[in-house]
Amino acid sequence: MFSNGLRAWGASELLIKDLLFGEVPVRIYLPTSPSASKRRGVVLFHGGCGMYGSIKSHERICQHIAKKSDSVVVSVGYRLAPEHSYPTQTLDCATATIHFLRTAKNYGVDPDRIIVCGDSAGGTFATSTCQELVNRTDIPKIRAQILIYPFVQALNFNLPSHQKSASSGLLSLERMVCFILMYLRKDCSLMEAVLAGSHVPESMNLRYRKWIHPDLIPEKFKQDYKPPFPASYIPQVHEEVKQMFETRFSPLLAEDAVVGCLPDTCIITCEHDVLRDDGLLYKKRLEDNNIKVTWYHIEDGFHGVLCFLGYGIFSFPSASKIMDHIVNFIKGC
């Protein structure tokens, strides 16, 4: 039901067009009211594990952002896995973003005020796109990134939030890891080994311990946390899933030279979410590199809740809270 969305409310305040940016389908939402200056632009990448969701599933979200923040919003219809293999999704997102950065003025947008935004895997694609473009001098710089309960690392699936929310909400821990394997066209029989950490050699754990470790999570988020027993490394599993350690897939693993060049960032985490600690670790990583981070934590939120925005009796207050934070952050850019 929610992977395609329901029909959005009336959009008389917006001009909505379906276009191609390069070869990537997009839907652009343009406010119809006159503006004294060029508007901000928001490029939105929908969530759905890279396999689900669409422009249609995020119609309500995009309309709301465009109306409430008075911004031009571009929703990117990147190709989905497994039909289109990784990293097609990130490449499509980058292609659409570059196109918009170059043609922003055609849509009444200031090219220096373009923000990328994404929820869940869309957050992964948003920050991966920022990372890929940090050294480009032929296009304007991205002004900011908004990451809504993002997935940013596939090394450790035994962080406090993985334990706390393993069976809660729309995204259980086992389901998430199975989705990751499906996204990479791997068999879900590898799930137990990946959950245990057998896909990561000790040398890699030691190398990235400074960025990914339960000790880096604030104490208030570690109640009842039990450190797992160390898993035995299985080289065959590592070889099978080694794409998980690429920075396009796990952007938390990018080097400081890249992370230190990222734009101002808004990170939104939810308490009842297996990915809560991904957001917390990325927040710390950015702050350690002197990136300005605005962080909102939704105590009653769960993974995927934003997609319930505007569904009447099926809506949740936390969805409105998240949207208010997104709009306020955009207005400040």
Side-chain angles (χ1 to χ4, degrees), residues 120-121 123-124 127 147-181 190-234 237-238 241-242 244-247 249-256 259 262 265 267-291 293 295-304:
S120 191
T124 316
T127 199
L147 313 177
I148 307 153
Y149 34 73
F151 168 86
V152 293
Q153 63 85 28
L155 263 77
N156 190 330
F157 294 106
N158 286 286
L159 296 170
S161 65
H162 295 137
Q163 287 189 9
K164 179 180 186 293
S165 300
S167 302
S168 63
L170 297 178
L171 187 67
S172 70
L173 180 58
E174 288 190 357
R175 183 178 298 170
M176 180 181 75
V177 173
C178 194
F179 282 158
I180 289 170
L181 292 167
L190 297 169
M191 181 181 66
E192 292 296 335
V194 171
L195 280 170
S198 296
H199 63 308
V200 186
E202 182 60 23
S203 59
M204 186 174 285
N205 276 322
L206 290 172
R207 177 183 177 187
Y208 292 119
R209 189 187 188 282
K210 58 186 176 181
W211 300 336
I212 304 171
H213 195 275
D215 289 350
L216 303 174
I217 303 296
E219 285 299 321
K220 68 177 181 177
F221 294 114
K222 293 196 288 188
Q223 294 178 4
D224 302 320
Y225 174 66
K226 296 184 174 71
F229 291 109
S232 299
Y233 171 57
I234 304 175
V237 176
H238 172 80
V241 302
K242 60 185 178 182
M244 288 184 183
F245 310 118
E246 296 174 3
T247 55
F249 195 91
S250 293
L252 182 57
L253 304 185
E255 294 299 325
D256 286 341
V259 175
L262 290 173
T265 301
I267 293 179
I268 297 173
T269 54
C270 289
E271 180 60 26
H272 307 288
D273 180 8
V274 288
L275 289 178
R276 181 198 68 189
D277 292 352
D278 274 39
L280 295 177
L281 290 175
Y282 204 44
K283 170 182 176 289
K284 184 180 188 308
R285 184 83 204 284
L286 290 162
E287 290 173 339
D288 286 348
N289 279 272
N290 299 312
I291 303 301
V293 178
W295 172 54
Y296 299 106
H297 184 64
I298 312 301
E299 291 288 349
D300 58 344
F302 57 89
H303 195 84

Note, I298 side chain near D300 side chain (heavy atom, < 4.5 Å): yes

Contacts of H303 that satisfy side chain to side chain donor-acceptor pair (under 3.5 Å) - sequence neighbours left out: S120, D273

Student check: side-chain heavy atoms of L173 and L195 closer than 4.5 Å: yes

Straight-line distance of L147 CG to L275 CG, nearest 0.5 Å: 12.0 Å

Residues forming a side chain to side chain donor-acceptor pair (under 3.5 Å) with S250, sequence neighbours excluded: none

Side chain proximity check, T269 to K283, heavy atoms < 4.5 angstrom: no

Separation between CG of L262 and CG of N290, rounded to the nearest 0.5 Å: 12.5 Å

Side-chain touch L253/L155, heavy atoms, less than 4.5 angstrom: yes

Close side-chain approach of Y208 to V200, heavy-atom, < 4.5 Å: no

Aromatic ring proximity Y282/F151, centre distance under 6.0 Å: no

Shortest non-hydrogen contact between V274 and H162, atoms and distance: O-CD2, 3.2 Å

Gap separating the CH2 atom of W295 from the CD atom of E287, nearest 0.5 angstrom: 9.0 Å

4.5 Å side-chain heavy-atom contact, W211 and L281: no

Straight-line distance of H297 NE2 to C270 SG, nearest 0.5 Å: 7.5 Å

Polar side-chain atom of S198 near backbone of I234 as donor-acceptor pair, under 3.5 Å: no

Inter-residue atom distance T265.OG1 - L286.CG, 0.5 Å rounding: 5.0 Å

From CZ (F302) to CG (L171), nearest 0.5 Å: 11.5 Å

Using residues 225-232 as the side-chain source, report each donor-acceptor pair under 3.5 Å to any protein atom, sequence neighbours left out, with the distance given to one decimal.
from : atom 1 : to   : atom 2 : distance (Å)
Y225 : OH     : N158 : O      : 2.9

Q223 CD: over 12 foreign heavy atoms closer than 6.0 Å: no

Partner set under side chain to side chain donor-acceptor pair (under 3.5 Å) for D256, not counting sequence neighbours: R285, N289

Lys/Arg-Asp/Glu bridge criterion (N-O < 4.0 Å) met for K210, E255: no

Sequence neighbours excluded - salt bridge (Lys or Arg N to Asp or Glu O under 4.0 Å) pairs with any residue from residues 162-180: K164-E271

Result block: side-chain N/O donor-acceptor pairs under 3.5 angstrom for residues 212-222, not counting sequence neighbours:
from : atom 1 : to   : atom 2 : distance (Å)
H213 : ND1    : D215 : N      : 3.0
H213 : NE2    : R209 : NH2    : 3.3
D215 : OD2    : R209 : NH2    : 3.3
E219 : OE2    : K222 : NZ     : 3.1
K222 : NZ     : P214 : O      : 3.2

Donor-acceptor side-chain pairing of H272 and S165 below 3.5 angstrom: no

Student check: side-chain heavy atoms of M176 and F157 closer than 4.5 Å: yes

